[in-house]
2 protein chains.
Amino acid sequence: MSSLQEFIDYLRSRGYKVTPQRLEIFKTVKSMRNHPNVYMIYQEVKKKNPTISPATVYKTLEVLERVGEIQAVCQIDGKTVYDTKLSPHINIHCLKCHKIKDVESDLVERLVKEVQIKSGARIVSQSINFFGYCSKCADEK
Amino acid sequence: MSSLQEFIDYLRSRGYKVTPQRLEIFKTVKSMRNHPNVYMIYQEVKKKNPTISPATVYKTLEVLERVGEIQAVCQIDGKTVYDTKLSPHINIHCLKCHKIKDVESDLVERLVKEVQIKSGARIVSQSINFFGYCSKCADEK
DNA sequence: ATGCTTGCAAACCGTTTGCAGATCT
DNA sequence: AGATCTGCAAACGGTTTGCAAGCAT
């Protein structure tokens, strides 16, 4: 799933209701980059729907996470932001500028396979977080 | 670092004070397995030092994290637990029994190297989290 | 008509902070 | 002696909950 129509179909198929709020939040999240937090999403959605409440945003984000449209990422300070990336990747958390950068690697898929074989577990998703200094901040040091 | 003596030396070398509370928390954390949360650590430390406060536990865990003795791990429900493992590994979060299991893999080191080359970032630590069903829960399904 | 959803406000809960007294160096 | 640390209690901030009114089916 990734398009608005697919989201609508998903909601209907599960007995969830299709509301303007949910569609607006879906569109907003999809248009945002750079790992927004709930407050940033709330502020952005409010531009289109000034009366929306944070509670509605929280509840819809929970639905979007269940669908697999977004993924919560825990920052080193414990705060939660969201990732709208779908493919397996690594989050690089910069300890200086605090930005998060995504990097892809074929090794992720291999790592998942190896871990499944080694542990006997069945893996359905992953969150890989590296901490250090992004290329820009590493250069400045 | 890993022994009590090394921890003491570290504290002194940084101008931190060596207090009974800090030593007790260090020993307690080192004796606990299975990813305890702050409350569990606090309860355990209280057995030896009944008047200790949660604030002291929080502050000492922060020191231990800075030293690299422990690492905060964010669970899928957003709650934080601690990992006392030092070597690079993967945390498998079971979506059914909610336990966290550690698995090691040589691929982690390779992944770190590849990401550093690809991104230009300098990586100093990592937290790799896989979500799914542990071997026990996968079998029961 | 039914029942899920919204928006509001209050509650919640893990964590942090301010501060006076105690402890370490 | 001087600075840091402890323990307490209050504050904080992000998130969840309860509920009455609204809306989708």
Side-chain angles (χ1 to χ4, degrees), chain A residues 4-5 7-26 28-29 35-67 70-82 98, chain B residues 4 7-26 28-29 35-67 70 72-82 98:
Chain A
L4 186 60
Q5 189 54 54
F7 182 52
I8 292 173
D9 293 343
Y10 171 85
L11 291 174
R12 291 234 165 84
S13 73
R14 297 292 186 105
Y16 289 123
K17 300 206 165 154
V18 177
T19 66
Q21 289 89 339
R22 284 180 174 161
L23 300 184
E24 192 56 51
I25 292 166
F26 176 90
T28 300
V29 166
H35 308 87
N37 58 30
V38 177
Y39 184 73
M40 289 158 74
I41 295 168
Y42 167 62
Q43 288 299 329
E44 196 63 27
V45 172
K46 225 167 54 161
K47 291 179 185 169
K48 296 288 180 58
N49 181 342
T51 63
I52 205 163
S53 84
T56 302
V57 175
Y58 275 103
K59 286 167 193 162
T60 302
L61 291 177
E62 201 185 312
V63 174
L64 287 173
E65 204 175 349
R66 201 154 44 225
V67 181
I70 62 176
Q71 191 177 28
V73 178
C74 203
Q75 294 183 133
I76 205 163
D77 60 5
K79 308 229 171 105
T80 300
V81 297
Y82 285 92
H98 301 107
Chain B
L4 186 60
F7 182 51
I8 292 173
D9 293 343
Y10 172 84
L11 291 175
R12 290 232 166 84
S13 73
R14 297 290 187 107
Y16 289 124
K17 302 210 160 148
V18 177
T19 67
Q21 290 88 339
R22 283 180 174 161
L23 300 185
E24 192 55 51
I25 292 167
F26 177 90
T28 300
V29 166
H35 308 87
N37 58 30
V38 178
Y39 184 73
M40 290 159 72
I41 295 168
Y42 167 62
Q43 288 299 331
E44 197 63 26
V45 173
K46 225 164 56 159
K47 291 180 184 170
K48 296 287 179 60
N49 181 341
T51 63
I52 204 163
S53 85
T56 302
V57 175
Y58 275 104
K59 286 166 192 162
T60 302
L61 291 178
E62 202 185 313
V63 174
L64 287 173
E65 203 174 351
R66 200 152 46 226
V67 181
I70 62 175
V73 177
C74 203
Q75 294 183 133
I76 205 164
D77 59 6
K79 309 232 170 101
T80 300
V81 297
Y82 285 92
H98 302 107

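Taking atom CG of B/Asp77 as the reference point, atom P of C/dC13 lies 14 Å away to the nearest angstrom. Put simply, CZ on A/Arg12 is 16 Å from P on C/dC4, counting in whole angstrom units. Here the P atom of nucleotide C/dG14 and the NZ atom of A/Lys79 are 18 Å apart, to the nearest Å. Summarising the geometry, the separation between CD1 on B/Ile25 and C1' on D/dC5 is reported as 11 Å, rounded to the nearest angstrom. One interatomic measurement links the two molecules: CG of A/Asn37 to P of D/dG13, which rounds to 14 Å at whole-angstrom precision.
Here the side chains of B/Asn37 and B/Tyr82 are not in contact, with every heavy-atom distance at 4.5 Å or above. Contact check for A/Val73 versus A/Thr80: no side-chain heavy atoms found under the 4.5 Å cut-off.
Panel note: side chain A/Arg12, backbone A/Val18; no donor-acceptor pair is recorded below 3.5 Å. In this structure, the side chain of A/Thr60 engages the main chain of A/Thr56 through a donor-acceptor pair within 3.5 Å.
Nearest nucleotide to the B/Lys59 side chain, out of D/dT6, D/dG18, C/dG14: D/dT6.
By the 6.0 Å contact criterion, OH on A/Tyr16 is enclosed, its count of non-hydrogen atoms from other residues, nucleotides or ligands being greater than 12.
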Candidate pair A/Leu64 and A/Phe7, rule side chain to side chain contact (heavy atoms under 4.5 Å, CB included), full reasoning
CA-CA 9 Å; A/Leu64 287 173; A/Phe7 182 52; 3.6 Å; yes
Would A/Glu62 and A/Tyr58 count as a side-chain hydrogen bond (donor to acceptor under 3.5 Å, both in side chains) here? Give the steps.
CA-CA 6 Å; A/Glu62 201 185 312; A/Tyr58 275 103; over 6 Å; no
List the steps, then state whether side chain to side chain contact (heavy atoms under 4.5 Å, CB included) holds for B/Ile25 with B/Arg22.
CA-CA 5 Å; B/Ile25 292 167; B/Arg22 283 180 174 161; 5.8 Å; no
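One finds a side-chain N or O of B/Tyr58 lying less than 4.0 angstrom from the OP1 or OP2 phosphate oxygen of C/dT15.
A heavy atom closer than 4.0 Å to some atom of DNA chain D occurs in A/Val38, A/Ala55, these being the qualifying members of residues 38-57 of chain A. DNA chain C lies under 4.0 Å from at least one heavy atom of each of the following residues of residues 16-24 of chain A: A/Tyr16, A/Lys17, A/Thr19, A/Gln21, A/Arg22.
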